[in-house]
Protein chains: 2
Amino acid sequence: MDGKIVNLKTKLEIYKAMTDGANFADCPVRDVIHGINGKWSPLLVMALAEKPYRFGELRRLVPDISQRMLTQTLHELQRDGYVHREVFPTKPPSVEYSLTDLGRSMFVPLYQLVQWAELNHEAVREARASFDARI
Amino acid sequence: MDGKIVNLKTKLEIYKAMTDGANFADCPVRDVIHGINGKWSPLLVMALAEKPYRFGELRRLVPDISQRMLTQTLHELQRDGYVHREVFPTKPPSVEYSLTDLGRSMFVPLYQLVQWAELNHEAVREARASFDARI
DNA sequence: AGTGCTGGTCTCTTTTCGAGACCACCAACA
DNA sequence: TGTTGGTGGTCTCGAAAAGAGACCAGCACT
C-alpha cells in the first residue's frame, strides 16, 4: 500500500508537471484517460470485448445512444487504437468493429472498474440518498 | 478468461435491460461509472488518495481547473460518498476534503486504469499519429 | 414504383464547461 | 482606519459538447 502511494506521488507530478504547459494533451495520463472516459466509450468497449459487432448491431444493443454519438465514439476509439474497423464488400456494405490487442489490454483494468461499480452501486446509491436527505 | 466473458454478458444485459426504461440513472453500472467518469473526478480522487487536501491546496495543485469545476466536482464526489468534507472553525474557516472508505475502495480499480494509461500512453499516441497520417 | 436495410452525415436545440468577476468574512498591517 | 491578503465559495456569460431527428446514396426484394 505504501508503495502505491509513493508511485502515486510520481503520477501526481506527471499530472502537475504538465499543467503549466497550458496544453491539456501535454499530460499523457490525462490524455489517455480522457479518451477512455467519454460518456459512451466504456460501454462500447465492454460490448466489443464480448465479440465484434456491426454498426447497426451496436445501435440496437445500446438503444439510447444517438447515431451521431455512436459514429463519433467509435471513430475516437479507432483513432486511439482500441478498435479496429473493417468494411466488408457485401451488397449493402457492412462494417464490423472489433477490439485490437491494445483495446483488449485496456479492457482488463476497465473491467475491474466496471466490476467495482456493479458490486458497489448500492453503497453509492445510499450515499446519494442520505446526502440528498440532509438538504 | 471465459468466465470473464460470461460475466460480461451479464453486465451487458444490465446495461441493456435498463435502457428501455428511458432513464439513464436506471442502469446502476452506468450511473456509477458516470459519477467516476467526469473530466476532473479521476484526477481529484488520485490527489485525495495521497492525503487529505484543503480547497485552496487542490486549486493550487491542479492549476488548470476552474474554481467552479473544482467546487462542483468535489460536491459530486461527496454526494456519491467518495469524499468527506469537513469544515474546521478556524478564523477564516478552512475546509478539508478526504477520501472515505468507499472512495479508497474505488481508488483501487481506478488506480489500475491510471497505471495502464501511464504504461501505454506511448502506444496510444502512436496509434493516433498513424491514424491521422492515413488521412 | 415503393419499401426496407446498410452506415452514415447535417442541422438544430439543449446541456455542460471554462474564464473570470464578484462576495462575505476576518487578520494583519500601515 | 482604511487597505490588503487569504479563506471558500457563488454568479454570469460565451464557448464547446451532446442529443434528437431529418436526410442521404446504394442496392435488394416485392
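Letters go in sequence order (proteins before strands), and every chain restarts at 1.
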Does [N] have OP1 or OP2 sitting under 4.0 Å from an N or O in the side chain of [X]?
X: B:R60; N: D:dT7; value: yes
X: A:W40; N: D:dG19; value: yes
X: B:Y53; N: D:dG8; value: no

Within-4.5 Å side-chain heavy-atom neighbours: [X] and [Y]:
X: A:Y82; Y: A:I36; answer: yes
X: B:F55; Y: B:T71; answer: yes
X: B:L70; Y: B:V62; answer: no
X: B:L99; Y: B:H84; answer: no

(message) Restricting to non-hydrogen atoms, name the atom on B:Y53 and the atom on B:A47 that form the minimum distance, rounded to 0.1 Å.
(response)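 Smallest interatomic distance, heavy atoms only, reads CE1-O, 3.4 Å.
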(request) For B:R54, answer base if it contacts any base atom (sugar-phosphate contacts may also be present), sugar-phosphate if it contacts only those atoms, and nothing otherwise; contact means non-hydrogen atoms under 4.0 Å. (result)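 Counting heavy atoms under 4.0 Å across all strands, the contact made by B:R54 is with sugar-phosphate only.
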Could you give the [atom1]-to-[atom2] distance, from [X] to [N], as a whole number of Å?
X: B:L70; N: D:dG9; atom1: CG; atom2: C1'; answer: 10 Å
X: A:I65; N: D:dA20; atom1: CD1; atom2: C1'; answer: 13 Å
X: A:E76; N: D:dA18; atom1: CD; atom2: P; answer: 7 Å
X: B:L58; N: D:dT7; atom1: CG; atom2: C1'; answer: 14 Å
X: A:R59; N: D:dG21; atom1: CZ; atom2: C1'; answer: 13 Å
X: B:R68; N: D:dT12; atom1: CZ; atom2: P; answer: 12 Å

(request) Kindly state which residues belonging to residues 80-93 of chain A come within less than 4.0 angstrom of DNA chain C, counting heavy atoms of the residue only, listed by number. (result)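 Contacting residues: A:R85, A:P92, A:P93.
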(request) Assess the pair A:H75 and A:Y97: is the distance between their ring centroids shorter than 6.0 Å? (result)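 Not close enough - the centres of the two rings lie 6.0 Å or further apart.
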(request) Check whether any side-chain N or O of A:Q115 sits under 3.5 Å from a backbone N or O of A:Q112 as a donor-acceptor pair, and report yes or no. (result)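 Such a contact is absent between A:Q115 side chain and A:Q112 backbone.
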(message) Between A:Q67 and B:V95, which residue's closest nucleotide on DNA chain D lies nearer the 5′ terminus?
(response)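 Its nucleotide being nearer the 5' end, the pick is B:V95.
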(message) What range of DNA chain C does chain B touch, first nucleotide to last, counting atoms under 4.0 Å from its heavy atoms?
(response)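 The protein-touched segment is C:dC17 to C:dA27.
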(message) I want to confirm an ordering. Mapping A:E57 and B:S66 to their closest nucleotides on DNA chain C, which one lands closer to the 5' end?
(response)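 This one resolves to A:E57.
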(request) Check whether A:L48 and A:F88 end up in the same hydrophobic cluster, where Ile, Leu, Val, Met, Phe, Trp and Tyr are linked by side-chain heavy atoms less than 4.5 Å apart. (result)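 In one cluster with A:L48: A:F88, no.
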(request) Can you sort out the partners of A:T73 under side chain to side chain contact (heavy atoms under 4.5 Å, CB included), two or more places apart, ordered by chain and number? (result)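 Result, side chain to side chain contact (heavy atoms under 4.5 Å, CB included) vs A:T73: A:W40, A:S41, A:L44, A:M69, A:L77.
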